[in-house]
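Shown next, in structure tokens, is the structure this report addresses.
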Protein chains: 4
Amino acid sequence: MVANIKDIPDIQGTPDTRRIAIDHVGIKDLRHPVTIRDRAGEALPTVAHATMTVHLPEHYKGTHMSRFVQILHEHTEPLSAATFGKMLDSMLERLESDAGRIVLKFPYFARKSAPVTGEQSLLDYEVTLCGEKRDGQRAFYIGTTVPVTSLCPCSKEIADYGAHNQRAHVTIYARVDGPIWIQDIIDLVEDAASCQLYGVLKRPDEKYVTERAYDNPKFVEDMIRDMASNLDAEDRIRAYTLECENFEAIHNHSAYAQIAKDKDVD
Amino acid sequence: MVANIKDIPDIQGTPDTRRIAIDHVGIKDLRHPVTIRDRAGEALPTVAHATMTVHLPEHYKGTHMSRFVQILHEHTEPLSAATFGKMLDSMLERLESDAGRIVLKFPYFARKSAPVTGEQSLLDYEVTLCGEKRDGQRAFYIGTTVPVTSLCPCSKEIADYGAHNQRAHVTIYARVDGPIWIQDIIDLVEDAASCQLYGVLKRPDEKYVTERAYDNPKFVEDMIRDMASNLDAEDRIRAYTLECENFEAIHNHSAYAQIAKDKDVD
Amino acid sequence: MVANIKDIPDIQGTPDTRRIAIDHVGIKDLRHPVTIRDRAGEALPTVAHATMTVHLPEHYKGTHMSRFVQILHEHTEPLSAATFGKMLDSMLERLESDAGRIVLKFPYFARKSAPVTGEQSLLDYEVTLCGEKRDGQRAFYIGTTVPVTSLCPCSKEIADYGAHNQRAHVTIYARVDGPIWIQDIIDLVEDAASCQLYGVLKRPDEKYVTERAYDNPKFVEDMIRDMASNLDAEDRIRAYTLECENFEAIHNHSAYAQIAKDKDVD
Amino acid sequence: MVANIKDIPDIQGTPDTRRIAIDHVGIKDLRHPVTIRDRAGEALPTVAHATMTVHLPEHYKGTHMSRFVQILHEHTEPLSAATFGKMLDSMLERLESDAGRIVLKFPYFARKSAPVTGEQSLLDYEVTLCGEKRDGQRAFYIGTTVPVTSLCPCSKEIADYGAHNQRAHVTIYARVDGPIWIQDIIDLVEDAASCQLYGVLKRPDEKYVTERAYDNPKFVEDMIRDMASNLDAEDRIRAYTLECENFEAIHNHSAYAQIAKDKDVD
């Protein structure tokens with residue numbers, strides 16, 4: 001029976017005797033509005049799913065879950081490399097831990113111009129930002145899923161006319177070093193697809209993207225190699241996992257490829 | 001404090017005074033292995049998500065949730081129109097209700113032959129079976145999502161070569177009368193697509209499906225009209241909602257169409 | 001071979017001879033940033049999935065898909081009953097149709113104060129806005145999924161101590177008439193749960209919500225009846241489908257109930 | 001123009017000059033019926049999502065996607081450690097690769113007896129089997145998500161009565177060595193939860209699980225430590241990632257913890 005607020009026991013603060021440290025403990029999938037600073041300098045409002053965790057040494061029984069939520073509420077500035085780093089520091093300070101991780105997943109919108117008419121529209125990309133501190137070192141990761149068109153070279157070659165093509169998802173998750181924008185990474189991917197996607201296409205644009213894809217047939221193997229080649233040439237990307245999934249127009253399953261690389265190790 | 005099992009009170013059985021009947025009450029999304037009797041007479045094992053509900057008159061406080069689960073466990077026969085009807089009757093009897101509904105959603109697998117080489121493989125379809133009793137009347141519904149290829153007539157016409165195409169999902173949910181197989185409904189849909197899908201295609205098959213889709217360009221409007229026309233001609237289908245969604249290869253959104261019809265009313 | 005833009009044929013504009021009208025045709029699941037005007041008068045930025053469709057008479061071959069996307073891009077004002085109606089009108093005018101529907105689904109965030117400490121935080125709700133015009137009549141719908149706590153009266157009664165409780169989702173989809181805010185509907189639901197949820201709870205708040213749920217045990221049947229009773233008393237809600245799903249803490253399936261009502265018909 | 005089947009070119013077989021090997025290439029998310037051999041010796045039919053990939057050396061342009069599907073169709077024996085290994089070998093042989101991976105995800109059903117009445121019912125678990133060969137070494141992984149009840153010690157301590165509890169998901173992904181059954185791993189997890197789940201509970205059982213959870217309050221930190229302790233003591237588990245996610249009854253987000261360990265390295 002608890003008489004007043006001060007007497008409410010702090011169970012999480014009591015010592016633990018199992019001698020097992022916890023790598024990550026915190027909150028998962030808290031949905032929250034955030035603002036992203038984009039390459040053009042604009043502040044883009046969006047909605048994130050946040051997962052925030054800290055390392056818990058073996059002698060602590062528990063962490064303080066409500067503090068994670070408070071930190072998310074306090075950081076109202078547009079997210080950039082600088083402000084995201086500040087948020088990571090606040091979290092470690094408030095949770096009294098020397099290691100932790102913040103992961104934010106949100107849709108990002110880029111303004112694109114249709115290839116012939118120049119008609120403007122937005123395209124949405126799923127983006128993940130991850131900031132991590134461990135052993136006194138900070139690491140930042142950017143992930144994004146870029147939807148593109150892939151057109152099958154085999155189908156084009158063997159058929160008298162036409163070629164099956166489809167939407168494909170290219171997912172990159174990269175450890176980055178130095179200032180790099182989400183849009184920089186998207187550009188490296190879109191450049192190497194059979195064709196990129198657009199929100200609005202007028203008829204002359206549709207003619208263009210149809211022919212462009214037909215002129216650039218690529219297997220899932222070709223797409224991933226050309227994209228890996230682009231990522232290899234970009235010094236600010238230090239390590240990456242790159243996946244390409246084609247939602248085959250002729251099957252009910254996907255063609256899939258993956259390449260992982262760590263430039264600082266391999 | 002409860003002394004023995006007989007003394008445990010039956011809260012659900014007490015009367016209710018709010019005077020509000022509940023249309024459907026029961027269990028939702030219970031995953032359970034089931035067996036389906038298919039058109040070829042074979043018993044196909046699969047896994048269903050079951051939702052089972054009954055009508056609760058205003059003077060009853062609650063239903064008995066565990067009985068729904070028991071009924072599902074007791075019915076081990078392959079599902080057909082006959083056994084599904086028996087299961088519906090058991091449920092109403094055990095739950096002491098005169099109205100109720102069973103909905104089972106599961107993947108269904110059809111054996112298909114590749115169009116040129118005849119190579120056999122399975123294709124998966126999402127299927128919903130629904131049996132309902134109300135006002136002394138029984139009704140049965142079959143739903144299925146059929147994945148197909150759609151090829152854009154506009155893209156074919158305006159481009160010097162090629163045409164964008166993609167996987168599309170056709171979803172039909174039909175009130176049926178008389179014996180009709182899941183496969184019968186799938187056939188009506190696949191027949192009207194730019195091309196149907198297959199699990200395995202060898203190169204001569206891939207040539208065939210590429211050319212077939214190019215020879216049968218269809219807007220989402222064409223697909224849905226041709227499929228509606230097939231459903232209209234099938235007397236065992238008394239009412240339907242038909243949806244077609246093209247996962248556009250050139251956009252990151254879908255083209256979509258819907259037609260609903262009740263032959264016994266319209 | 002197409003010489004210039006004017007010569008690109010307009011396939012969608014040609015006549016159709018199948019004599020089948022299409023109830024709804026357009027675009028589905030286009031993700032787009034939107035702003036919502038909330039009850040407090042603030043403009044809340046969020047991200048919507050948009051589905052926009054029009055009726056297509058039997059003599060038209062197709063609709064013009066890119067126009068839907070353009071309309072969404074042009075409407076940049078915060079969404080309210082008034083601006084949403086304007087958007088619906090624009091769509092029908094631009095698509096030259098006399099019937100159509102716009103559906104927007106997005107997360108909505110409400111600022112809440114913890115029940116004892118008053119600590120402020122956001123809670124997220126899934127919301128659907130639907131505007132429809134048909135036969136010269138307009139109809140507006142608001143849907144929302146409200147996460148709440150439910151605590152089982154049977155468990156409380158039969159156990160010597162404790163009672164199983166869990167997160168539950170209450171989903172209401174209502175035809176509304178007259179100005180009503182998303183928050184008004186959320187209030188009607190939260191008021192009738194065992195307890196409502198919060199983003200941040202300090203220890204005194206956690207004590208409060210634990211005891212409050214224990215003091216308000218409700219079966220899924222009780223929750224839905226109490227909520228239906230609240231909806232019945234609200235005149236601006238003309239029709240509704242109300243669902244309650246308890247993600248049972250003691251099972252791997254849900255307890256579920258549904259009530260549907262149309263005050264202008266029943 | 002292709003005259004006959006033999007003349008259809010084999011594009012995938014041509015050499016590649018980009019000098020980039022592909023870690024994994026193949027098919028993803030092919031849904032297929034499979035049978036699992038369980039601990040009791042029974043063959044359990046279920047439905048898997050299969051992802052099958054091989055390593056592609058830098059000098060090969062592409063792999064042969066249809067062969068993966070054929071291998072899946074050919075292996076009709078109940079899956080056990082032995083038959084799964086055979087399937088992996090067939091894949092590598094047919095795809096002419098010396099490294100590859102098969103991942104199967106499917107619902108697994110265990111027969112459980114209610115704790116007091118002994119009433120039998122099934123409980124479903126999400127399971128992942130992964131077999132991998134690389135550098136002449138084979139490795140096998142078993143993953144499973146076990147749904148359990150967690151009850152909050154803080155809530156129990158500070159409240160005069162009751163305690164919030166909820167469904168939680170414990171996900172383990174383990175590298176195993178030696179014969180170990182899915183059920184063995186499930187047992188290690190369920191043993192350390194506040195309480196385990198059941199498909200059917202009669203009133204005496206519900207009384208039991210309510211009191212058992214109240215008698216075993218565990219933070220997400222306690223659950224993961226007790227489970228890690230169980231996994232540490234099991235020699236056939238050589239490495240693991242263990243995650244615990246509590247779908248908090250009082251919040252709309254999860255409490256989360258993760259521990260990873262490699263006994264052969266750490």
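Below, read A as the first sequence line, B as the second, and so on, with proteins coming before strands; counting in each chain starts at 1.
Side-chain atoms of C:V69 and B:H253, non-hydrogen and from C-beta on, do get closer than 4.5 Å to each other.
Between C:D23 and B:K261 there is no salt bridge, since no side-chain N of the basic residue sits under 4.0 Å from a carboxylate O of the acidic one.
The number of heavy atoms from other shown groups lying within 6.0 Å of CZ (B:R18) is above 12.
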Determine, stepwise, if the pair C:L56 / B:R225 fulfils side-chain contact (heavy atoms from CB on, under 4.5 Å). CA-CA 11 Å; C:L56 190 73; B:R225 276 175 165 145; 3.9 Å; yes
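In terms of modelled atom types and a separation under 3.5 Å, the side chain of C:E221 and the main chain of B:T63 share a donor-acceptor contact.
Along residues 47-55 of chain B, the residues that come nearer than 4.5 angstrom to chain C, judged on non-hydrogen atoms, are B:T53 in order of number.
Between atom CD of residue B:Q258 and atom CZ of residue C:R101 there is a gap of 6.5 Å, rounded to the nearest 0.5 Å. To the nearest 0.5 Å, atom SG of residue B:C244 and atom NZ of residue C:K28 are 10.5 Å apart. Going from atom NZ of C:K61 over to atom SG of B:C154 covers 11.0 Å, rounded to the nearest 0.5 Å.
Your options are C:D226, C:V220, C:L242, and the one with the most heavy-atom pairs under 4.5 Å with chain B is C:D226.
Heavy-atom distances place both the backbone and the side chain of C:D222 under 4.5 Å from chain B. Interface remark: C:D29 contributes backbone and side-chain atoms alike to the contact with chain B (heavy atom separation under 4.5 Å). Using a 4.5 Å cut-off between heavy atoms, B:I224 contacts chain C through its side chain alone, with no backbone atom that close.
Residue B:A21 comes nearest to C:I259 through the heavy atom pair O-CD1, 3.6 Å, listed as atom of the first residue, atom of the second, then distance. Across all their heavy atoms, C:A257 and B:I22 have their closest contact at CB-CG2, 4.1 Å. Contact detail for C:M65 and B:A255: the closest heavy-atom pair is CE-CB, 3.9 Å.
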